[in-house]
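Read through the structure below, which is laid out as structure tokens, and then see the notes.
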Amino acid sequence: MAERYNHKAVEEKWQKRWEEEDIFRTYENLSKPKKYILEMFPYPSGELHMGHVRNYSIGDVVARHSKMSGYNIIHPIGYDAFGLPAENAAIARGIHPAKWTFDNIINMRRQLKQLGLSYDWNREVVTASPNYYKWGQWLFLKFYERGLAYRKKAQVNWCPSCETVLANEQVEAGRCWRCGSVAELRDLEQWFFKITDYAERLLNDLDLLGGWPERVRVMQRNWIGRSEGAYVDFQIKGSDKKITVFTTRPDTLFGATFFLLAPEHPMVNELVRGTKYEVGAAEFRRKVAAETEIDRTSAEKEKNGFFTGVYVVNPVNSEEIPVYLADYVLMGYGTGAIMAVPAHDQRDFEFAKKYGLPIKVVIEPAGEQLNPTMMAQAYEGEGVMVNSGMFNGTPQVDGIKKVTEYLQDEGVGEVAVNYRLRDWLISRQRYWGNPIPIVYCEKCGIVPVPEGELPVILPENVEITGKGGSPLGRVELFVNTACPSCGGPAKRETDTMDTFIDSSWYFLRYCSPHDDRLPFSKEAVDYWMPVDQYIGGIEHAVLHLLYSRFFTKVLYDMGMVSEVEPFTNLLTQGMVIKDGAKMSKSKGNVVDPSMIIDKYGADTARLFILFASPPEKELEWSDRGVEGSYRFLNRVWRIVQENKDLVMKAQGDLTNLGPADRNLRSIVHRTIRRVTDDIARFSFNTAISAIMELVNAMYKYNDEANRHSGVMKEATDNLILMLSPFAPHITEELWHELGNTESTFLEPWPKYNPELAKAEEVTLVVQVNGKVRDKITVPADVSEDDMKKTALGSERVLAHVNGKDVKNIFIVPGKLVNFVVK
RNA sequence: GCCCGAGUGGCGGAAUAGGCAGACGCAGCGGACUUAAAAUCCGCCGCCUUCGCAGGCGUGCCGGUUCGACUCCGGCCUCGGGCACCA
């Protein structure tokens, strides 16, 4: 190999060799501890971006370091290949989504290989291939059998731009998570997964996830939104019917002065039918329905209501209170009906003020009286029950329990738990996704496609316009079929599944990717799962990470997996930004990884990305910084080349060393300790800086008159091995140039000798009254007495101590002396 | 509004258990090598005062605890993120 570092030649050479020798292939091996290292698989948009490079560089360091540390690792990759962009490309450029997707995969696979990532390519998974989506359909059928997949008519989110419905999790602040369009509400019959059945477990098991960032757990906790309270029945005046409300504040029941229904509440029509309120109620409902989710749920918006002419009876005091429709009451939460307590709920308070409804105080803070006419806002704090009959004087905290018990005894209420989490709407009116394996028969109704007929193949001949409903609905050959049950004429479901289903179990498929009898083999999954380290973006804090947890729990209940949580440890990487803003085409600040790899090589790109910032933080891109990393690799290259001959004929005797030799050895062993610890805590930036310091020390040592070949070899070997997870190509080249024949990937991770890692000399810091006055080099094993003596031998210290009383002396052994003087 | 997270040189960042603030890198400055430049190697590099020795100040702001605080406590400011009529 040439004297100069030629990144292109080196990287191409080793990528080829690794592939030929198949060194990243992994197998189950019960004699070794396993480690599952996983990065979120990419959507094959066509080009790798810097966020991918960061994600996969982090994962590769963890994987390579784990492998070298003796773990049997699994480190797979694949493509989340279904999704709307493929259809958009078809519309914009007339390319079939399948061609667009699979061409993109070819390109992205090439780019991933250029990065030198240690993937077991034999485990590659593509969600858009029939041998993967078949099993997604199979799982759908299992969910259906268990009652976890069901169809219902509901008010759902609709993205007008993507022309499809969206799950709640996929609407962010009222906008489509993908395209940012304002979501509309529509009444549609759709397929749902019953994730709410798992709400309690999804919530409780967050406690098992100590290896997750706290903020992700908090986001999921908030999203699930558990609240305890009670159901309370209110009798409709002049009817034998009742309406149930959910409340978290049964203690304020005596303060209910009116009653509110969501405009969509199913009782509304019945209540106003044939009355003078009928027309107005319908109009009010229409007006509210026209609002977007954003308007509807904005807390700032003025509340609107409509009186129905109906009254209900408060079960605790028989008071008759008026029933209104209110736009701030949501049909999707609780029962869609609430009791309004304006004195103790700010929203109800505002509503009461607007419509001139009475306000009745039933909770008062200790030693204070509240006057309803004087109140500027609701009192939501703690206190004691008043105006509440037999409960007067009860502290509010006890009141919640006591009133609920009373309601239960009277048969008009019960304890209740509600969640903010809604069922997962999984239908999509799109083509490029996994067909829902369901047939609608005129006679038999909903009929699941039999397992033996899977997969329901996604037809290729489809016209994609992006308009007018599910594209599959226009493919007659697909739609028209025979009922699997009676053989009569039937129609297929034409919606496809949410692509988040595909990504909810791909990590299981990696364990046995070629299984053709089941989605994954229990044996393989039992060996590899759970994922020990998952790495990806924070944007999936609720979406993908919640859905995957749900899937894992269902599969656990089915006996298909033995773990209740899929991801033991989670690392959420920060964004890559440039000039202070997220890289985006519209801002014109995108840096293309291909350009960087071409100019400096993958090793430089990886090293820079890992060095510039800790993985969880934002990473500010810097072209100068990249050059610095490139300079460093060249520096490594040269110091190894310069010492190649010396190292190759090194003799192993490391006794009788001079001070410079001992010093370098000590630095080498300290560096091993630092780098090992830093990688373990994902502090890659400091790990790299420690390696840089080692290289600086090696250059200094290089000027010594009598370089010791054995010492130089120890430093060089360890430098190469420690750097190899970060910059695998250059280190592999240098490693082989030194006469080694095994890949660094297969070498053991360096170990340090604690004795050698100790410095012989340390810097003693001397303070007077907490201010540093001198720094003196002393032997590492200096006694406390000698520390004191040495410190008092310093003129600079004496200048601040002489003529004063030494009141106290604090000594931190081997580190610091502090004289307290007056 | 509520809940998180973060504020350290010109810049990215470091300080893992309360003990040297600014490791490492970028930029800058100086030197060596060179006919010269690039590359490379070596050195300097928080601010103020000072020829220097040295001294003072300094981790968003104000206060506290401590022999000693970037680190712990109380209050505030700014920025970023999440949630936001969920009864």
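For A:K8, the side-chain hydrogen bond (donor to acceptor under 3.5 Å, both in side chains) partners two or more places apart in sequence, or in a different chain, are A:D598. Applying the ring pair (Phe, Tyr, Trp, His ring centres under 6.0 Å) test to A:F306 and every residue at least two apart in sequence or in another chain returns nothing. A search for side-chain hydrogen bond (donor to acceptor under 3.5 Å, both in side chains) contacts involving A:H544 returns A:Y534, A:S548, not counting sequence neighbours. Residues satisfying the side-chain contact (heavy atoms from CB on, under 4.5 Å) test with A:D786, not counting sequence neighbours, are A:V782, A:S783, A:K789. Judged as a side-chain contact (heavy atoms from CB on, under 4.5 Å), and not counting sequence neighbours, A:K287 has no contacts.
Among A:L570, A:L571, A:V218, A:N569, the one residue that satisfies the side chain to side chain contact (heavy atoms under 4.5 Å, CB included) test with A:P213 is A:L570.
Residue pairs meeting the side chain to side chain donor-acceptor pair (under 3.5 Å) criterion with at least one member in residues 808-822 of chain A: none, sequence neighbours excluded. Residue pairs that meet the salt bridge (charged side-chain N to carboxylate O under 4.0 Å, His left out) test with at least one member in residues 621-633 of chain A, sequence neighbours left out, do not exist here. Screening residues 325-336 of chain A for side chain to side chain donor-acceptor pair (under 3.5 Å), with sequence neighbours left out, gives A:S227-A:Y333, A:K301-A:D327, A:N304-A:D327, A:Y328-A:D348.
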Contact list (N/O, under 3.5 angstrom) for nucleotides 25-29 of chain B vs protein:
unit_1	atom_1	unit_2	atom_2	d
B:rG25	OP1	A:N696	ND2	3.3
B:rC26	OP1	A:R631	NE	3.2
B:rC26	OP1	A:R631	NH2	2.8
B:rA27	OP2	A:R631	NH2	3.3

Please enumerate all protein N or O atoms sitting under 3.5 Å from an N or O of nucleotides 67-72 of chain B, with distances to 0.1 Å.
unit_1	atom_1	unit_2	atom_2	d
B:rC67	O2	A:N818	ND2	2.5

Interface polar pairs with nucleotides 63-65 of chain B, N/O, under 3.5 angstrom:
none

For RNA chain B, the dot-bracket notation using Watson-Crick and G-U wobble pairs below 3.5 Å, [ ] for pseudoknot-type crossings and | for other-strand pairs, is (((((((..(((......[....))).(((((.......))))).((((....))))..(((((..]....))))))))))))....
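Nearer to the 5' terminus of RNA chain B, by closest-nucleotide assignment, is the contact made by A:E618 (compared with the other of A:E618 and A:M331).
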